[in-house]
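One structure is given below, encoded as structure tokens.
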Amino acid sequence: MTSEKFTVEKVLSIQRWADNLFSFTMTRPAHFKFTAGQFARIGIKVDGELVVRAYSVVSSPYDEVLEFFSIVVPDGAFTSRLQHLQVGDELYLEKIPYGFLTLARYQQPLPHDLWLLATGTGLAPFLSMLQDFETWQQYQKIFLVYSVRSQAELAYVEKIKQIHEDFGEGRPDFSFIPVITREPNAPLHERLPVLIANGALEQFAGQAFNPETSHIMLCGNPQMVDDTKEALKQRGLTMNRRGVGNIAVENYW
Ligand code: FAD
């Protein structure tokens with residue numbers, strides 16, 4: 001891999017949410033333009049070799065810095081090092097962004113109700129979309145469904161409230177719906193495909209999925225993405241291909 005593909009950026013801040021979760025911001029070079037929902041490729045040097053991983057951008061396309069939300073995989077080649085990141089450290093950033101998990105991909109149906117379904121760090125691209133005024137202008141209703149294992153892993157809750165206030169004021173209905181799978185007392189605690197199959201998610205949201213109006217995005221754990229996709233198909237929703245259809249997905253591994 002040639003270093004011309006990358007720029008060297010500086011870490012500006014770090015926020016730790018739990019032992020296995022943290023966020024960081026870094027400098028954003030002027031040339032790095034992206035659409036909300038896209039991902040960057042970030043590199044660190046390990047024994048002289050560049051190790052690179054995909055990371056969805058959390059921050060909005062209009063922010064001066066780039067923010068990312070990361071898991072720590074104990075023996076992971078990348079995150080076992082990334083977790084020791086300090087302010088002022090250098091990271092490599094590939095010059096161009098990637099990815100098609102963007103709202104612009106939808107041509108039919110026209111925007112009406114938007115469902116953003118994430119597991120864990122799969123929340124990242126949705127935070128970027130929600131910090132883009134266009135998202136709020138386009139949709140009548142927005143549902144952010146965020147599935148984690150424990151309360152401690154429920155990151156960004158205050159930020160989500162703030163985003164709603166800053167971007168969604170006087171705008172369409174917005175529901176933030178946490179799902180906590182290892183807490184039986186949580187209002188929603190089953191896996192997303194189960195909550196869709198048994199109707200509990202729609203009941204909680206006060207809105208039914210509708211093949212004529214719903215845009216549904218899934219991001220995170222590939223097992224969740226696959227199973228949820230199947231549960232939605234059973235309800236008559238279709239994969240978005242060439243702009244047409246309800247469901248768009250991104251797998252993190
Ligand atoms: P890897 O060797 O890459 O992964 C080892 C194992 O860890 C995987 O097999 C899987 O079981 C588990 N794992 C990997 N990523 C995650 C995760 N995010 N959450 C839970 N378990 C995981 N990761 C982020 O943390 N934040 C992001 O915003 C993000 N965006 C991505 C966007 C895309 C398009 C893709 C393809 C991946 C994204 N990932 C993201 C995953 C990321 O690229 C790395 O896999 C992750 O940083 C772990 O790297 P690693 O080398 O430590 O472990």
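Atoms within each ligand, like the ligands themselves, are counted from 1 in listed order.
- Enumerated by chain and number, the residues approaching ligand 1 to less than 4.0 Å through a heavy atom are Phe39, Arg53, Ala54, Tyr55, Ser56, Phe69, Ser70, Ile71, Val73, Gly76, Ala77, Phe78, Thr79, Thr121, Ala124, Glu250, Asn251, Tyr252, Trp253.
- Closest heavy-atom contact between Tyr98 and Gln38: O-CB, 3.1 Å.
- Among residues two or more places apart in sequence or in another chain, the side-chain contact (heavy atoms from CB on, under 4.5 Å) test is passed with Gln107 by none.
- For residues 207-232, the ring-ring contact (aromatic ring centres under 6.0 Å, His included) pairs, not counting sequence neighbours, are Tyr106-His215, Trp115-Phe209, Tyr139-His215.
- Counting only residues at least two apart or in different chains, salt bridge (charged side-chain N to carboxylate O under 4.0 Å, His left out) contacts with residues 188-202 comprise Arg191-Asp227, Glu202-Arg235.
- When the side chains of ILVMFWY residues are joined at heavy-atom separations under 4.5 Å, either directly or via intervening members, Val52 and Val8 end up in a single hydrophobic cluster.
- For the residue pair Thr213 and Asp113, a side-chain donor N or O sits within less than 3.5 Å of a side-chain acceptor on the partner.
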